[in-house]
Amino acid sequence: MDRPPDLPRRRFLHLAGTTVGLAATSACASAARSNGPGARGASGISGPGVPLTVDRTYKPTRFDPWIELDRAAWAHNVREAARLAGGRPILAVVKNNAYGLGDRAVGPMLAGMSQVGGLAAVRVEEALAMREEGVTKPIVVMAEGSEDEIEEMVRHDVLPSVWLDDAPGRLRNVSRRLGRPVPVQLFIDTGMNREGMPYTRARSWIEELVQSQHVDVNGTYTMFTHDLDFDREQHARFEELLGWARGKNLPLGTLHAAPTYELFHLPEAHYDMVRPGNALFGNPPGEEAREMADLRPVFSLKTRVVRVEHLEPGDSAGFNRTFMPDRATWVALLPIGRTDGYPSQANGTCEVLINGRVYPVAGGVNSAHTILDIGPDKTVEVGDVATLIGPDHPAVLPHTVAERTELGFLRIIQSMNPRLPRRVV
């Protein structure tokens, strides 16, 4: 498949690379083609001898698991965040593949909301993926990049962050290659000591960048530790630096500092924009925050029942005879497991919603299968939709599953398999 000259390579790979045609460069694929359609390889598996199109979109006829994203719930959480921010625009954090829920689906959805002024990621690939999906609002990558990565970001209208001492020189090199100033965001470390230019030695560095003809300082930000007392100390340090810059007439662009925790608890740090992630995903920072904003679950993890069988006492289900009923019962098999994002710890602790009723996970959660105890009556059928995580019943709420498995909300959503189709509803 030849790439049209006007189609960017990355977009081409996204479209054509969803075929297994890339694998056709391997010796095995070449051999299979040379034997013609229907030929058998060493594995004995027959194939058509042509690239197989992989469609990762949701299909209602499929049994494979999928993730549903509730647009109305996302919009509600965005409005709640904007309310807490006093109407300031939101820089929506969709880092780490949108915390596991899929940046190609979540990014465009959030970007379409009026309260969202831009998106933030931590990987170049995340930002470019959202550009490929049609996002036109500003995207900030909250990470340092090499000269090549910075150049690629600028070519795709993505804002890189800088904090290393040699940033002025690297930006100068990129600017000369591009023939224009490089727009950047300055990341200031006010005490977290993870990323950012340390505030104690940032002044001359800031001055050099702001005054450079090769740099356009688009914004400046910091990150808090979520220890409220120390947050206030960090805020004072940031304010001192901002006051110095104002005194020197050094424009620092859009200021932002408040992720979800400080959105709720440190309003003096809201600045020009707020930068929540967790809040938009329905994850409040503690019990007190639950009283401050009505945040809703935004996703469901679903699949369909693929087998229903009757067990008698003495029968068993699962590896190592995990489930051994002491009475006659029905069991249902779901084609979903820990590699899809449903944790092994759900066995014996969690329930699954089918047709308005919940059933316990009893026969184990394996790599790709989960077994449920249906009870004495056959109340489910093959093809019924099963919700393992979602907003439709208290037993399957994301936070319920997180608590029962003792994994935490972020561990749950960050484990979602990126191959699962995402369906926006």
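Not measured: the values here are computed from a predicted model.
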Exercise for review: For M153 and V124, run side-chain contact (heavy atoms from CB on, under 4.5 Å): C-alpha distance rounded to whole Å, both residues' side-chain angles, the deciding distance at 0.1 Å, then the answer.
Suggested key: CA-CA 7 Å; M153 283 188 273; V124 177; 4.0 Å; yes
Determine whether a donor-acceptor pair (N or O, by modelled atom type, separation under 3.5 Å) exists between the side chain of [X] and the backbone of [Y].
X	Y	result
T260	A279	yes
N366	A368	no
R71	V424	no
D166	G169	no
T322	G364	no
R88	Y271	yes
H369	L334	no
R304	F63	no
N417	T339	yes
H393	A395	yes

Report yes if some heavy atom in the side chain of [X] is under 4.5 Å from a heavy atom in the side chain of [Y]; otherwise report no.
X	Y	answer
I413	P398	no
R79	N77	no
V210	P251	yes
V396	I389	no
L69	M109	yes
Y342	C350	yes
I374	V331	no
R419	M416	no

Review point. After noting the C-alpha distance and the side-chain angles of L91 and V93, does the key distance pass the side-chain contact (heavy atoms from CB on, under 4.5 Å) rule?
Key: CA-CA 6 Å; L91 182 62; V93 178; 5.8 Å; no
Point to revise | Y99 and F299 aromatic centres sub-6.0 Å | key: no
Consider only side-chain N and O atoms of [X] and [Y], and report whether a donor and an acceptor are under 3.5 Å apart.
X	Y	answer
T190	Q234	yes
D231	H265	no
T379	Y359	yes
N283	H399	yes
Q185	H256	yes
E207	W205	no

Salt bridge or not between [X] and [Y]? Use side-chain N to carboxylate O under 4.0 Å.
X	Y	result
R275	E262	no
E240	R237	no
R172	E147	no
E152	R155	no
E80	R296	no
K95	E126	no
D340	R338	no

Which heavy atom of [X] sits nearest a heavy atom of [Y], and at what distance?
X	Y	value
G100	R422	O-NH2, 2.7 Å
V141	S161	O-OG, 2.8 Å
F224	M192	O-SD, 3.7 Å
V215	V184	CG1-CG2, 3.7 Å
G117	P138	O-CD, 3.3 Å
P168	L164	CD-O, 4.5 Å

Evaluate whether atom [atom1] of [X] has more than 12 neighbouring non-hydrogen atoms of other residues, nucleotides or ligands under 6.0 angstrom away.
X	atom1	answer
R123	CZ	no
R83	CZ	yes
R177	CZ	yes
N249	CG	no

Between [atom1] of [X] and [atom2] of [Y], what distance do you get to the nearest 0.5 Å?
X	Y	atom1	atom2	result
L178	N173	CG	CG	11.0 Å
I188	L255	CD1	CG	10.5 Å
Q115	L110	CD	CG	10.5 Å
D189	R194	CG	CZ	10.0 Å
D392	L353	CG	CG	6.5 Å
I336	T303	CD1	OG1	5.5 Å

Exercise for review: Give the C-alpha distance, both sets of side-chain angles, the deciding distance and a yes or no for side-chain contact (heavy atoms from CB on, under 4.5 Å) between K302 and I67.
Suggested key: CA-CA 6 Å; K302 296 185 176 185; I67 292 172; over 6 Å; no
Check your understanding: Between F187 and Y221, does a ring pair (Phe, Tyr, Trp, His ring centres under 6.0 Å) hold up when you go through it step by step?
Key -> CA-CA 5 Å; F187 194 162; Y221 65 100; 4.4 Å; yes
Exercise for review: Would you sort out whether V106 and W74 count as a side-chain contact (heavy atoms from CB on, under 4.5 Å), showing the intermediate values?
Suggested key: CA-CA 9 Å; V106 175; W74 288 94; 3.7 Å; yes
Review point. Checking side-chain contact (heavy atoms from CB on, under 4.5 Å) against T405, which of N347, T349, V365 comes through?
Key: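 Looking at N347, T349, V365, the match for T405 under the side-chain contact (heavy atoms from CB on, under 4.5 Å) is T349.
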Exercise for review: Start with the C-alpha distance between H76 and D294, add both sets of side-chain angles, then the distance that settles side chain to side chain donor-acceptor pair (under 3.5 Å), and finish with yes or no.
Suggested key: CA-CA 9 Å; H76 173 84; D294 171 33; 3.1 Å; yes
**Study point:** Sole candidate of H214, E151, E144 that passes side-chain hydrogen bond (donor to acceptor under 3.5 Å, both in side chains) when paired with R170
**Key:**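 Option passing the side-chain hydrogen bond (donor to acceptor under 3.5 Å, both in side chains) with R170: E144.
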